[in-house]
Chemist: 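Here you go, one structure.
Chain letters run A, B, ... following the sequence lines, proteins first, then strands; residues in each count from 1.
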Number of protein chains: 2
Amino acid sequence: MATGRTHRPATRSRGIPEATVARLPLYLRALTALSERSVPTVSSEELATAAGVNSAKLRKDFSYLGSYGTRGVGYDVEYLVYQISRELGLTQDWPVVIVGIGNLGAALANYGGFASRGFRVAALIDADPAQTGKMVAGLPVRHTDELEDIVEHNQVSIGVIATPAGAAQEVCDRLVAAGVTSILNFAPTVLSVPDGVDVRKVDLSIELQILAFHEQRKAGEDLGEAVAAARDTLPKAVAEPVTEPARRPGPDGDVPAVMPA
Amino acid sequence: MATGRTHRPATRSRGIPEATVARLPLYLRALTALSERSVPTVSSEELATAAGVNSAKLRKDFSYLGSYGTRGVGYDVEYLVYQISRELGLTQDWPVVIVGIGNLGAALANYGGFASRGFRVAALIDADPAQTGKMVAGLPVRHTDELEDIVEHNQVSIGVIATPAGAAQEVCDRLVAAGVTSILNFAPTVLSVPDGVDVRKVDLSIELQILAFHEQRKAGEDLGEAVAAARDTLPKAVAEPVTEPARRPGPDGDVPAVMPA
DNA sequence: GAATGTGAAGGCTTTCACAGCT
DNA sequence: AGCTGTGAAAGCCTTCACATTC
């Protein structure tokens with residue numbers, strides 16, 4: 001998603017596929033749990049189950065990192081934890097700023113799994129002067145005016161945006177101008193950033209909508225595929241581009257209709 | 001991610017690719033914005049820009065829904081809003097429960113984009129008796145004991161889990177047993193669910209770790225590829241599986257080392 | 001002329017299945 | 001005997017580029 005990297009020849013034997021990178025944190029979490037229970041080694045099968053993937057995928061993923069397993073035995077837990085941590089860059093410390101300390105921003109600031117594993121909340125920033133100085137998660141909320149100073153002073157390269165949608169792009173621009181090159185965006189907006197800046201987004205309502213799509217399918221199946229099938233065969237040409245559209249789904253959901261399962 | 005559907009022959013001409021489904025909400029959001037500004041039609045180029053994708057992808061995506069555009073002209077905004085909403089199942093009302101009303105759960109309950117567009121928070125549930133009855137986002141927090149009643153009573157098919165990791169699987173099991181078939185999981189755990197139940201996860205620390213991975217790469221490039229190259233050519237056989245691993249990255253991030261860009 | 005809809009090509013990801021090591 | 005590491009096959013997804021339609 002929005003890798004934003006300048007077109008790299010993709011040469012490098014070092015190119016770990018994006019899909020693999022996205023799973024490394026999962027493996028790391030499962031391994032850390034094993035490590036805490038002092039389990040010394042683990043097979044691809046066991047680890048894959050713990051991480052919720054299949055073992056072939058896991059082995060392929062690990063093969064991009066190197067040959068860290070032992071045939072006939074499995075993987076050394078501690079060693080893998082170390083290797084994956086290093087690969088992900090978690091053996092160094094990443095200062096992070098959170099901008100927008102509303103409900104969500106505060107929740108993020110309080111989130112435990114944040115501070116551990118290489119990430120450190122360097123500052124909380126909010127545009128509301130009334131919030132300034134308030135303590136959240138043990139840190140004082142600072143005013144947006146200080147954003148550039150904070151980023152430069154703390155060598156922050158990762159910024160978290162938890163502002164309302166309307167403010168997100170401007171905050172993003174300022175973060176980037178100040179030196180941030182990775183952004184985690186919780187605001188429901190598409191951010192545009194220059195090349196070389198990575199953006200990842202987390203969007204509650206998108207996730208819900210995807211779930212709703214599949215729910216709808218399930219409901220359709222339950223009452224026989226007949227209905228869906230009928231819709232399918234509707235000669236598309238017959239659609240009249242101005243009949244239904246007049247009624248956009250009102251703010252309080254119209255057509256409660258069938259009700260799922 | 002974790003589609004969990006029973007192996008479907010994938011026959012149906014109606015099979016919209018998962019990647020397309022995941023983008024429909026994006027298009028819908030962009031279209032809604034246009035609709036509010038009373039823009040009547042939009043080209044694939046314009047809409048694609050607004051949604052942050054390229055126009056070929058957008059057209060291909062729309063082609064799975066049907067031929068809703070007009071050559072030489074573009075797409076009718078209202079009509080598309082309606083069609084995508086219908087496709088996503090947003091023309092009906094989806095009652096949702098949120099379990100775990102801590103910082104994050106409260107933030108989710110208060111999230112505006114939630115209530116609109118077909119989703120309605122039917123109840124907030126928490127295991128802490130001290131929380132019971134407290135009002136959050138205009139709704140009373142109810143105790144976990146009532147979970148099954150609430151789900152059945154409100155015909156809830158979508159559940160949001162915002163509990164600590166340790167409680168997530170049990171909550172999930174209870175939701176599913178009570179009839180929930182879609183779960184949005186904010187707890188940092190892999191949930192296991194029976195076939196036919198969809199799970200999507202939102203995980204802050206995974207996202208941060210992915211960003212850190214790319215940040216690290218950027219930093220490496222800045223100081224010349226030499227270092228990375230050297231690591232690459234390390235004869236893997238020489239790696240000694242018990243040298244470094246003894247020191248797992250301590251809870252407070254060791255090896256602060258180089259410091260990124 | 002302008003912009004959609006879509007086969008075909010190209011890339012990426014997953015899965016298979018087995019050779020190779022311990 | 002057991003389990004990793006990996007070519008090769010299969011399946012998705014994206015991008016191209018152009019015939020088609022308005």
Side-chain angles (χ1 to χ4, degrees), chain A residues 1-3 5 7-13 15-24 26-27 31 40-49 51-77 79-80 83 235-237 239 241-242, chain B residues 1-3 5 7-13 15-24 26-27 39-77 79-80 83 235-237 239 241:
Chain A
M1 178 161 302
T3 316
R5 300 309 333 285
H7 249 341
R8 172 100 78 86
T11 331
R12 304 312 307 284
S13 66
I16 298 178
E18 193 57 33
T20 295
V21 171
R23 280 186 296 266
L24 292 181
L26 241 68
Y27 301 143
L31 284 164
T41 61
V42 66
S43 71
S44 64
E45 199 71 58
E46 296 166 319
L47 185 53
T49 303
V53 305
N54 73 48
S55 62
K57 196 186 280 181
L58 177 143
R59 286 200 303 278
K60 184 63 113 181
D61 284 343
F62 285 180
S63 79
Y64 294 116
L65 308 184
S67 296
Y68 293 155
T70 307
R71 290 168 204 239
V73 178
Y75 300 92
D76 181 285
V77 172
Y79 187 59
L80 250 193
Q83 290 298 345
K236 67 169 189 176
V242 203
Chain B
M1 181 156 302
T3 317
R5 300 306 335 282
H7 250 341
R8 173 101 79 84
T11 330
R12 304 309 310 282
S13 68
I16 300 178
E18 193 57 33
T20 295
V21 172
R23 280 185 297 265
L24 292 181
L26 243 70
Y27 302 143
V39 176
T41 61
V42 67
S43 70
S44 63
E45 199 69 59
E46 296 165 319
L47 185 52
T49 303
V53 304
N54 73 49
S55 63
K57 195 186 281 181
L58 178 144
R59 288 200 303 278
K60 185 59 113 182
D61 284 342
F62 285 179
S63 80
Y64 294 116
L65 309 184
S67 295
Y68 293 153
T70 307
R71 290 167 205 245
V73 179
Y75 300 92
D76 181 287
V77 172
Y79 187 59
L80 250 194
Q83 291 298 346
K236 68 171 185 174

Chemist: Measure across B:Val42 and B:Leu47 and return the closest heavy-atom pair with its distance rounded to 0.1 Å.
Modeler: CG2-N, 3.7 Å
Chemist: Select base, sugar-phosphate, or nothing to describe what B:Phe62 touches, counting heavy atoms under 4.0 Å on all strands.
Modeler: nothing
Chemist: Please give, in whole Å, the distance from C:dG5 P to B:Gln83 CD?
Modeler: 12 Å
Chemist: Which nucleotide in the set C:dT4, C:dT14, C:dC18 lies at the smallest distance from any side-chain heavy atom of B:Tyr75?
Modeler: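 In terms of side-chain proximity for B:Tyr75, the closest of C:dT4, C:dT14, C:dC18 is C:dT4.
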Chemist: D:dT6, C:dT13, D:dC13: which one has an atom nearest the side-chain heavy atoms of A:Ser63?
Modeler: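 Selected nucleotide (nearest to the side chain): D:dT6.
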Chemist: Taking the six-membered ring for Trp, is the centroid-to-centroid distance between B:Tyr79 and B:Tyr68 below 6.0 Å?
Modeler: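 Yes, close enough.
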Chemist: Any idea which heavy atoms bring B:Leu58 and B:Ser44 closest together, and the distance?
Modeler: CD2-CB, 3.7 Å
Chemist: Which listed nucleotide (C:dA3, D:dT4, C:dT13) is nearest to the side chain of A:Pro17?
Modeler: C:dT13
Chemist: Start with the C-alpha gap between A:Leu65 and A:Gln83, add the side-chain angles, then the distance that decides, and say whether side chain to side chain contact (heavy atoms under 4.5 Å, CB included) holds.
Modeler: CA-CA 8 Å; A:Leu65 308 184; A:Gln83 290 298 345; 5.6 Å; no
Chemist: When you measure from the side-chain N and O atoms of A:Ser44 to the phosphate of D:dT4, is any distance below 4.0 Å, counting only OP1 and OP2?
Modeler: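 Yes, within the criterion.
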Chemist: Return the value, rounded to whole Å, for the distance between atom CG of B:Leu80 and atom P of C:dA3.
Modeler: 16 Å
Chemist: Which nucleotide in the set C:dA3, C:dG5, D:dT14 lies at the smallest distance from any side-chain heavy atom of B:Ser43?
Modeler: C:dA3
Chemist: Can you check whether B:Asn54 has a side-chain N or O nearer than 4.0 Å to OP1 or OP2 of D:dT14?
Modeler: no
Chemist: Could you check how far NZ of A:Lys57 sits from P of C:dC12, rounded to whole Å?
Modeler: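 Value for this atom pair: 18 Å.
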Chemist: Report yes if a donor N or O on one partner sits less than 3.5 Å from an acceptor N or O on the other, where the partners are the side chain of B:Arg71 and the base of D:dT21; otherwise report no.
Modeler: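 By the distance-only test, no, there is no pair.
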Chemist: Rounded to whole Å, how long is the line connecting atom CG of B:Asp61 with atom P of C:dT6?
Modeler: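 Whole-Å distance recorded here is 13 Å.
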Chemist: Hey, mind stepping through A:Tyr75 and A:Thr41 against side chain to side chain contact (heavy atoms under 4.5 Å, CB included) and telling me if it holds?
Modeler: CA-CA 5 Å; A:Tyr75 300 92; A:Thr41 61; over 6 Å; no
Chemist: Could you give the CZ-to-P distance, from A:Arg59 to C:dC18, as a whole number of Å?
Modeler: 14 Å
Chemist: Quick one: is D:dT14 close enough that its OP1 or OP2 comes under 4.0 Å of any side-chain N or O from B:Arg23?
Modeler: yes
Chemist: By nearest atom, which of the nucleotides C:dT14, D:dT15, D:dT4 is closest to the B:Lys60 side chain?
Modeler: D:dT15
Chemist: Rounded to whole Å, please give me the gap between CG in B:Leu65 and P in C:dT4.
Modeler: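 From B:Leu65 CG to C:dT4 P: 14 Å.
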Chemist: Report the distance from atom CG of A:Leu58 to atom C1' of C:dT15, rounded to the nearest whole Å.
Modeler: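 So the CG-C1' distance, A:Leu58 to C:dT15, works out to 14 Å.
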Chemist: From the set D:dC13, D:dC18, D:dG5, return the single nucleotide nearest to any side-chain atom of A:Ser67.
Modeler: D:dG5
Chemist: Within this structure, what is the CD-to-P distance between B:Glu18 and C:dT13, rounded to whole angstrom?
Modeler: 16 Å
